[in-house]
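Just so you know, ligand 1 is whichever comes first in the structure, and atom 1 is the first atom listed for that ligand.
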Amino acid sequence: MTRVVLVTGANRGIGRELARWLDVTDPASVEQVAAELGSLHGRLDVLVNNAAVHYDTWQRATTADLEVVREALEVNLLGAWQTSLTLLPLLRQSRHGRIVNLSSEAGSLASMDGGPPAYNVSKAALNALTRMLAGELRRDRILVNAVCPGWVATDMGGPGGRPVAEGAARVLWAVDLPDDGPTGGFFRDGRPVPW
Ligand SMILES: NC(=O)c1ccc[n+]([C@@H]2O[C@H](COP(=O)([O-])OP(=O)(O)OC[C@H]3O[C@@H](n4cnc5c(N)ncnc54)[C@H](OP(=O)(O)O)[C@@H]3O)[C@@H](O)[C@H]2O)c1
C-alpha cells in the first residue's frame, strides 16, 4: 500500500527533496492541510517536521536578540508541535504512524557550549518534545524520533556540507522504520546521538 507522507517546509532544502508545503505557524493553514488529507486519504502515515528558521551563527546567548529567539521557537518548536497536534487524529488512523522531527546535533545538551543561541535552544526543546510525544504515543504505536541530517549544503547549511539528496536520505531512514523500530530516540546516520 502507498504511504501518505507530509513534509513541512518543502519548497527548498532538505524538505523539497522529501516534498509539500504549509506555514506551520499558521494554525488555519495546518488545519486546511489536515482537512485535505482527511478527505483524500482518511489517514496520515508519516509527518516530517522539517520546517525551521534562524541558524543564528551571528549571535551568542550573551548578546542574543530575543526577538530572533522567539521566532525560532515559534517555527522550530511550536510549529512542529502545532502541526503534530492537528494531524494526530489522522496519524492515529494509520497502522504505521511515524513522526520525524528534523533536529540537529547543535541541540544536543551533551555537547552544547555556546553557539547559535536561538537555533540551539529551539532544537533542544524540539528534542524534549520528541521524547514526550514518543512516550505518550507509544500506546498508539506511533514512532516518534528526532533526526539530525548532518551538515547539508542548503540555504541554511551553506556551501561545503553534504549534498541535499544525501541529507534527505538520512531522514528517510526514520520515515522507513519498521513497526518494531525505535521511538523516542535522537539519531544521525542511523546511530544514536547523545541528548
Ligand atoms: N542544512 C543543515 O546543515 C542542517 C543540519 C542540521 C539540521 N538541519 C535541519 O533540517 C531541516 C531542513 O533544513 P534545510 O537546511 O533544508 O533548511 P532551509 O534550506 O533553510 O529550508 C527551510 C525550509 O523551512 C521552510 N520554513 C521556514 N519557516 C516556515 C514556516 N513557518 N512554515 C512552513 N515552512 C517554513 C522554508 O520555507 P521558505 O522558503 O518559505 O522560507 C524552507 O522550505 C531544518 O529543521 C534544519 O534545522 C539542517
Select the closest option to atom 8 (N) of ligand 1 among Tyr55, Tyr119, Trp151, judged by heavy-atom distance.
->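 Result: the heavy atom closest to atom 8 (N) of ligand 1 is in Tyr119.
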Of the listed options Ser103, Gly150, Ala72, Ala80, closest to atom 5 (C) of ligand 1 (non-hydrogen atoms) |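 It is Gly150 that holds the nearest heavy atom.
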For [X], atoms of ligand 1 separated by under 4.0 Å from a heavy atom:
X	value
Ser104	6 (C), 7 (C)
Ala52	22 (C), 24 (O), 27 (C), 44 (C), 45 (O), 47 (O)
Asp155	19 (O)

From Arg188, Lys123, Met112, residue fulfilling side-chain contact (heavy atoms from CB on, under 4.5 Å) relative to Glu105 =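 When Arg188, Lys123, Met112 are each tested with Glu105, the side-chain contact (heavy atoms from CB on, under 4.5 Å) holds only for Arg188.
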In the single-linkage hydrophobic clustering (I, L, V, M, F, W, Y; side-chain heavy atoms under 4.5 Å), do Ile99 and Trp81 co-cluster?
->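 The answer is yes; both residues are in one hydrophobic cluster.
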Between Arg141 and Asp180, is the closest basic N to carboxylate O distance under 4.0 Å?
->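 Looking at Arg141 together with Asp180, the answer is no, because their closest N to O distance does not fall below 4.0 Å.
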Charged N to carboxylate O under 4.0 angstrom, Glu166 versus Arg170?
->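 Salt bridge flag = yes for Arg170 with Glu166.
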Purely on distance, is any nitrogen or oxygen of Asn50 under 3.5 Å from one on ligand 1?
->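 Among all N and O atoms of Asn50, at least one is under 3.5 Å from an N or O of ligand 1.
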Has ligand 1 got any nitrogen or oxygen that is less than 3.5 angstrom from a nitrogen or oxygen of Thr8?
->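 Such a contact does not occur with ligand 1.
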Linking Ile, Leu, Val, Met, Phe, Trp and Tyr through side-chain heavy atoms less than 4.5 Å apart, which residues share a cluster with Trp173?
->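 Hydrophobic cluster check, Trp173: joined to Leu143, Leu177, Phe187.
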Hydrophobic cluster of Trp195, others only, ordered by chain and residue number, side-chain cut-off 4.5 Å =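 Under the 4.5 Å side-chain rule, Trp195 groups with Phe186, Val193.
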At under 4.0 Å between heavy atoms, which part of Val53 makes contact with ligand 1: side chain, backbone, both or neither?
->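 Within the 4.0 Å criterion, Val53 contacts ligand 1 through side-chain atoms alone.
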Counting heavy atoms only, which part of Leu102 comes closer than 4.0 Å to ligand 1: side chain, backbone, both or neither?
->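 It is both parts that get close, each with some atom under 4.0 Å.
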Please confirm whether [X] comes under 4.0 Å of ligand 1, counting heavy atoms of the residue only.
X	answer
Lys123	yes
Gly167	no
Pro149	yes

Determine yes or no for a side-chain-to-main-chain donor-acceptor pair under 3.5 angstrom, with Arg131 supplying the side chain and Gly184 the backbone.
->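 A pair under 3.5 Å: yes.
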So, Asp189 side chain and Arg191 main chain: donor-acceptor pair closer than 3.5 Å or not?
->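 Absent.
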